[in-house]
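Inspection log for the structure reproduced underneath, given as structure tokens.
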Amino acid sequence: MNEVPNESPTDERGSLLEVRNLVVRYGKNSTPAVDDVSFTIGHGETLGLIGESGSGKTTIGRAILGLVPVTSGQILFRGRDITRASAAQRRELRGDLRAVFQDPFSSLNPRRPIGDAIAEPLRVAGVSKLERAARTAAVLQSVGLPGGSADRYPRQFSGGQRQRIAIARALVTDPRLVVCDEAVSALDLSTQAQVLNLLADLRRGSDLGYLFIAHDMAVVEFLAQRVVVLYRGRVMEEGITDEVIRDPQNPYTRVLMAASPVPDPDEQARRRELWQVLRAESKAAAS
Ligand SMILES: Nc1ncnc2c1ncn2[C@@H]1O[C@H](COP(=O)(O)OP(=O)(O)OP(=O)(O)O)[C@@H](O)[C@H]1O
Ligand SMILES: [Mg+2]
């Protein structure tokens with residue numbers, strides 16, 4: 001299995017991230033949470049990872065970030081095997097490989113101004129105080145937060161603003177890849193649309209890659225060039241997002257799409273509404 005041909009959407013630098021036959025088991029004899037999953041992300045590419053609750057999305061993200069042990073398979077980041085990277089090797093990766101999670105509030109210290117939290121990875125990397133302040137101010141501006149935000153505390157921000165803070169903290173080190181795990185799921189629809197637009201803007205003209213984990217195909221359609229559909233830890237389908245949406249090959253993919261019926265009418269209505277808000281945003285952005 002070592003000679004996996006490189007058929008990913010890559011350039012002369014190779015792929016940004018390559019996941020090969022990844023298996024993650026939480027208990028010795030338990031069924032794998034992630035079962036033989038392979039995919040690649042090219043430089044500057046956004047890959048959507050979609051699947052119902054419990055399908056293994058977060059586990060894949062955490063395996064890439066080194067937060068859960070890999071049972072078997074390989075993870076390569078910029079050609080380098082990081083499957084079982086040591087703590088010291090992980091520290092080296094910390095600036096290049098970043099994460100945005102669903103609930104940024106839980107990871108923000110309520111007693112520290114948010115500028116400190118954003119500058120923390122720079123401080124660890126030995127960046128001077130003056131430069132930290134400058135880069136923090138610049139990144140806050142780039143995510144659309146008002147001047148002076150750096151001195152304010154987490155509770156003084158709305159949910160959408162806190163998500164922008166989490167994005168700022170991920171981007172301040174100028175990373176290569178950001179793992180976004182349900183980064184917008186907790187927000188109301190119009191705030192979701194704003195944050196998704198922000199992510200799309202930040203990516204434009206940059207070499208930044210995203211692994212974008214979501215429940216909704218609408219969100220993936222808006223942001224991701226390619227999509228991987230996961231079901232019970234296995235890849236059901238993979239392809240160019242537009243093609244998968246136009247002509248899903250797997251019945252399970254249809255279930256995930258807003259247009260297809262889901263058993264829960266509230267959930268169905270919610271998906272339809274999100275889909276419509278994002279479609280409208282997409283059109284507005286394109287014109
Ligand atoms: N720390 C853990 N210990 C044991 N089992 C776990 C652990 N974390 C996740 N699992 C199991 O692994 C499987 C995949 O979980 P995971 O959190 O990766 O799914 P997910 O696709 O992210 O779901 P959601 O959409 O709800 O976030 C599930 O069966 C879950 O119960
Ligand atoms: Mg999850």
Side-chain angles (χ1 to χ4, degrees), residues 16-17 46 58 60-69 75 77-78 80 82 84-187 191 194-196 198-199 201-203 206-213:
L16 176 61
L17 184 83
T46 299
T58 293
I60 292 173
R62 291 175 64 84
I64 292 165
L65 296 163
L67 301 173
V68 297
I75 302 169
F77 181 60
R78 303 171 73 201
R80 182 173 153 198
I82 60 161
R84 286 176 188 83
S86 66
Q89 289 166 328
R90 283 282 163 195
R91 268 197 297 280
E92 271 174 44
L93 289 169
R94 212 153 41 184
D96 285 339
L97 180 53
R98 308 282 295 163
V100 179
F101 296 111
Q102 180 169 358
D103 175 21
F105 201 49
S106 62
S107 60
L108 289 169
N109 183 336
R111 279 177 291 278
R112 284 176 75 198
I114 59 115
D116 284 7
I118 292 169
E120 175 69 12
L122 299 178
R123 195 185 60 75
V124 172
V127 174
S128 75
K129 197 172 176 185
L130 204 65
E131 196 187 329
R132 289 201 308 265
R135 284 174 66 177
T136 300
V139 78
L140 280 169
Q141 191 183 13
S142 74
V143 300
L145 284 168
S149 292
D151 300 324
R152 289 162 58 195
Y153 293 85
R155 69 182 139 72
Q156 297 177 285
F157 295 91
S158 69
Q161 286 175 325
R162 277 181 215 141
Q163 205 50 271
R164 286 170 194 265
I165 293 166
I167 293 166
R169 186 162 57 169
L171 295 184
V172 75
T173 59
D174 198 14
R176 308 291 181 126
L177 177 67
V178 180
V179 175
C180 291
D181 190 352
E182 307 276 0
V184 297
S185 306
L187 306 173
T191 313
Q194 283 169 18
V195 173
L196 289 170
L198 170 68
L199 289 171
D201 285 347
L202 290 169
R203 191 181 57 181
S206 92
D207 212 20
L208 180 58
Y210 286 102
L211 176 64
F212 199 86
I213 296 172

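Residues Pro154 and Ile114 have side chains in contact (heavy-atom distance under 4.5 Å, counting atoms from C-beta outward). You'll find the side chain of Leu187 stays beyond 4.5 Å of the side chain of Gln194, heavy atoms only.
In plain terms, the two heavy atoms of Pro113 and Tyr153 that are nearest each other are N-CE2, 3.5 Å. The shortest non-hydrogen separation linking Ala170 to Ala99 is CB-O, 3.9 Å. Here the closest heavy-atom approach between residue Val195 and residue Arg164 is recorded as N-NH2, 4.5 Å. Of all the heavy atoms in Leu108 and Ala117, the pair that sits closest is CD2-CB, 3.8 Å. The shortest non-hydrogen separation linking Arg80 to Leu93 is NH1-CD2, 4.2 Å. Pairing each heavy atom of Pro175 with each of Asp96, the nearest pair is CB-O, 3.5 Å.
In terms of modelled atom types and a separation under 3.5 Å, the side chain of Arg203 and the main chain of Leu208 share no donor-acceptor contact. Formation of a donor-acceptor pair under 3.5 Å by the Gln163 side chain with backbone atoms of Gln102 is found in this model. Under the 3.5 Å distance criterion, the side-chain polar atoms of Arg90 are matched with a main-chain donor or acceptor of Ile82. A side-chain donor-acceptor contact under 3.5 Å links Arg135 to the backbone of Val172.
To the nearest 0.5 Å, the span separating CD on Gln161 from CG on Leu140 amounts to 11.0 Å. The OG1 atom of Thr136 sits 11.0 Å away from the CD atom of Glu120 when rounded to the nearest 0.5 Å. Taking OH from Tyr210 and CG from Leu17, the interatomic distance works out to 15.5 Å, rounded to the nearest 0.5 Å. Remark: Asp207 CG to Leu16 CG distance equals 8.0 Å, nearest 0.5 Å. For the atom pair CG of Asp116 and CG of Asp151, the computed distance is 9.0 Å after rounding to the nearest 0.5 Å. Note: Arg169 CZ to Leu122 CG = 12.0 Å, rounded to the nearest 0.5 Å.
Judged purely by distance below 3.5 Å, without hydrogens or angles, the side chains of Glu131 and Ser128 never pair a donor atom with an acceptor atom.
For CD of Gln156, the number of neighbouring non-hydrogen atoms (other residues, nucleotides, ligands) closer than 6.0 Å is greater than 12.
When each of Val139, Val178, Leu171 is checked for a side-chain contact (heavy atoms from CB on, under 4.5 Å) with Leu202, only Leu171 meets the rule.
For Arg176 and Phe77, the positive end is not near the middle of the six-membered ring at less than 6.0 Å and at most 45° from its axis.
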